[in-house]
Participant: 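There's a structure below that I have some questions on.
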Amino acid sequence: MVKMSLEPVQVMSGQVAELPKVAPSSNGDSGGSWEGKREFDKDHLGLTAKPKPVTGRRARKVEGAVFFPKPENAVTVAVSSRVLFRTEREQKVFEQKGVEEYLRYQIEHENEPFAPGPAFPFVKALEAVNARLRELYPQSEELFDIVLVTYNHAHVGIRLINTINHHNLFIERFCMTGGSSPIGYLKAWQTNLYLSADANKVREALTEGIAAATMFMPEKMTEVSKSQLRVAFDGDAVLFSDESERIFKAHGLDKFFEHEKENEDRLLDHGPLKGFLEALGKLQKKFYAKGQRLDCPIRTYLVTARSAASSGIRALKTLRAWGLEIDEALFLAGAPKGPMLEKIRPHIYFDDQMFHVEGAAEMGTIAAHVPYGIAQKHNSKHNTSAGK
Amino acid sequence: MQCFESGGAEDPDGLYAGGIAFPLLQALQKVNERLLKENPAESLLFDVILITTESQQQQQNSRITESIRHHGLKVSRFCFSNEEDFIENLLNNNVHLFLTTNRNEALQGSQKGVLSVLLDEHTASCPTEQLRVLFCGDAVVQSEAGSALASKQAAQSFSTQLGKMRGRFGPFDSPISIALVTSRGGRESCGDALRTLRSLGVNADEAYCLAGAPRGPIKRLLQPHFLLSECLSSN
């Protein structure tokens with residue numbers, strides 16, 4: 001037992017009162033580009049509102065605007081560190097040399113920022129939308145709120161903070177769980193979308209009712225718009241339930257057409273990403289209200305194997321009944337999705353079938369897999385969903 | 001390391017039922033067991049002292065000791081004191097952490113220079129297999145004039161000891177888990193808090209930067225046995 005002398009101390013209550021939000025005057029505008037390793041600025045306190053030097057990066061122009069929106073008002077997008085950044089090297093250290101070596105490696109390289117990962121352009125686009133929203137509605141909390149989620153232990157999380165600073169990302173909320181599941185926290189933060197590299201965690205989120213998708217690092221990432229967020233969705237088992245897909249898988253194409261025709265006026269049930277499309281729609285309406293329909297920085301796409309003339313009708317009627325607008329609906333009637341997506345260049349494309357996700361990635365589209373529905377039992381590269 | 005507990009509820013069988021601090025005591029014991037398992041010669045252990053100022057409990061001191069034994073708890077010392085002297089007792093026994101549900105006792109303790117932490121009803125439903133400590137990165141500090149620096153030092157010493165204990169175990173399957181929550185500030189304030197903890201020898205397992213999001217749900221999920229704040233406040 002260690003004996004230590006004590007000096008007069010203050011009492012700390014076990015409970016801390018809820019404090020009113022303060023809008024800090026500066027956020028994340030740390031210095032310019034990294035040239036190799038650089039000593040992190042240890043003098044920075046972060047608690048006082050002193051102005052930070054802005055060296056060639058954009059300053060936060062909107063003063064007094066909302067920086068920390070309440071979770072219930074914001075569209076919360078939780079992103080795993082493994083999809084926001086590239087962490088393959090570190091993953092390899094973990095897999096080959098074990099956790100202790102991995103932790104050591106992370107701390108050793110703490111001042112080296114990670115490179116952007118597949119979710120990076122998406123997050124940047126969310127920030128661009130936020131900038132436009134703040135211009136039009138400076139007091140509104142209806143913004144995108146990006147939360148970083150990692151299973152890493154917190155003491156190696158400093159490298160993530162350094163990386164966020166380096167890339168000048170506006171991420172002020174994060175969750176480092178030290179190995180436990182973040183799903184409880186995602187629910188507490190009323191997460192609207194969760195992106196992860198781990199399919200199991202994504203599945204866990206989906207069962208808890210949180211829209212989620214698995215992202216992969218494509219070999220090439222085609223350039224996407226910096227000013228307009230583009231989100232593309234598959235129809236069945238993503239926006240809609242997998243009920244029709246079940247028919248197709250069980251009974252084939254003809255039965256599928258028959259079933260869709262018979263049920264044309266019956267709404268499809270909702271799928272896991274419907275809520276996210278809804279959230280996007282709400283933000284879009286804010287731009288329309290200010291006369292910016294033509295210049296809206298959010299654009300949504302439906303990319304489905306359904307046919308426009310037949311099975312697609314049910315999809316459109318369902319969307320209309322839900323009060324959801326989708327900017328472009330592309331009915332491919334079974335044609336491959338890759339070339340179409342290459343034209344659209346979405347920041348993210350959600351599909352329930354790995355076949356399509358891989359096909360899209362081959363052409364440089366950032367695609368995310370939604371592990372939901374009947375297709376998961378049949379997921380393989382040779383599976384096709386022709387002519388729906 | 002020494003902790004004091006205070007109070008405990010009665011049950012009809014004549015034994016005291018587990019009070020609020022029960023899971024905490026069990027968790028502290030778990031830590032000791034695991035520490036000794038790693039190193040049978042370990043000297044950095046938790047030493048629990050039970051103190052009570054309630055005269056009724058003192059008259060039935062055998063009941064207390066019986067109850068302790070009945071519940072399988074390891075308490076190294078019992079301290080029956082009156083209200084005026086109990087702080088002296090804390091100081092004489094070199095207590096590093098005083099845990100109580102009594103706000104006045106906590107205030108008195110801290111005024112006399114003992115790191116004092118107020119337990120609340122949430123502690124009763126905390127896990128018993130793992131000690132969970134929560135550091136609050138940017139809490140409001142009720143400061144007494146002139147004691148800010150000393151208070152910080154005492155909290156820092158305790159934290160360093162806790163960090164050392166945590167270091168005896170690997171990243172997973174540890175009987176101690178240390179979490180950090182910053183409520184108001186952005187990522188920089190959380191980053192600073194992590195670095196401060198690291199400088200004290202504390203490697204946090206979990207960190208949550210709330211940036212204004214409500215604390216309640218997070219605290220409910222974390223289930224900390226108690227909270228610490230002073231060592232992270234700015235001077």
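Predicted model, so just to flag it, every value in this text is computed and none were measured.
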Participant: Using heavy-atom distances under 4.5 Å, tell me whether B:Tyr208 contacts chain A through its side chain, its backbone, both, or neither.
Facilitator: both
Participant: Could you label the plane-to-plane angle of the A:Phe85 and A:Phe120 rings as parallel, tilted or perpendicular, counting under 30° as parallel and over 60° as perpendicular?
Facilitator: tilted
Participant: Is chain B contacted by the side chain of A:Ile183, its backbone, both, or neither, given a heavy-atom distance below 4.5 Å?
Facilitator: neither
Participant: Sub-3.5 Å donor-acceptor pair from the side chain of B:Ser199 to the main-chain atoms of B:Leu197, do we have one?
Facilitator: no
Participant: Please rank A:Gly178, A:Ala154, A:Ala74 by heavy-atom pairs under 4.5 Å with chain B and give me the top one.
Facilitator: A:Ala154
Participant: A:Tyr185 ring centre to B:Arg220 NZ or CZ under 6.0 Å, with the angle to the axis within 45°?
Facilitator: no
Participant: Applying side-chain hydrogen bond (donor to acceptor under 3.5 Å, both in side chains) to A:Glu204 and A:Ser181, what does each step give before you reach the verdict?
Facilitator: CA-CA 9 Å; A:Glu204 200 189 332; A:Ser181 167; 2.9 Å; yes
Participant: Under 4.5 Å from any heavy atom of chain B, what part of A:Leu103 do you find: side chain, backbone, both or neither?
Facilitator: side chain
Participant: Is the charged tip of A:Lys97 near the ring of A:Tyr105: under 6.0 Å from the six-membered ring centre and within 45° of its axis?
Facilitator: no
Participant: Do A:Arg159 and A:Phe114 meet the cation-pi criteria used here (NZ or CZ under 6.0 Å from the six-membered ring centre, within 45° of the axis)?
Facilitator: yes
Participant: Heavy-atom distance under 4.5 Å to chain B: side chain of A:Asp145, backbone, both or neither?
Facilitator: neither
Participant: Please determine, among B:Leu134, B:Leu222, B:Val202, the option with the most heavy-atom pairs under 4.5 Å with chain A.
Facilitator: B:Leu222
Participant: Pick from B:Ala204, B:Cys190, B:Pro217: which one has the most heavy-atom pairs with chain A under 4.5 Å?
Facilitator: B:Ala204
Participant: Given that the side chain runs from C-beta out, which part of A:Ser180 has a heavy atom under 4.5 Å from chain B: side chain, backbone, both or neither?
Facilitator: side chain
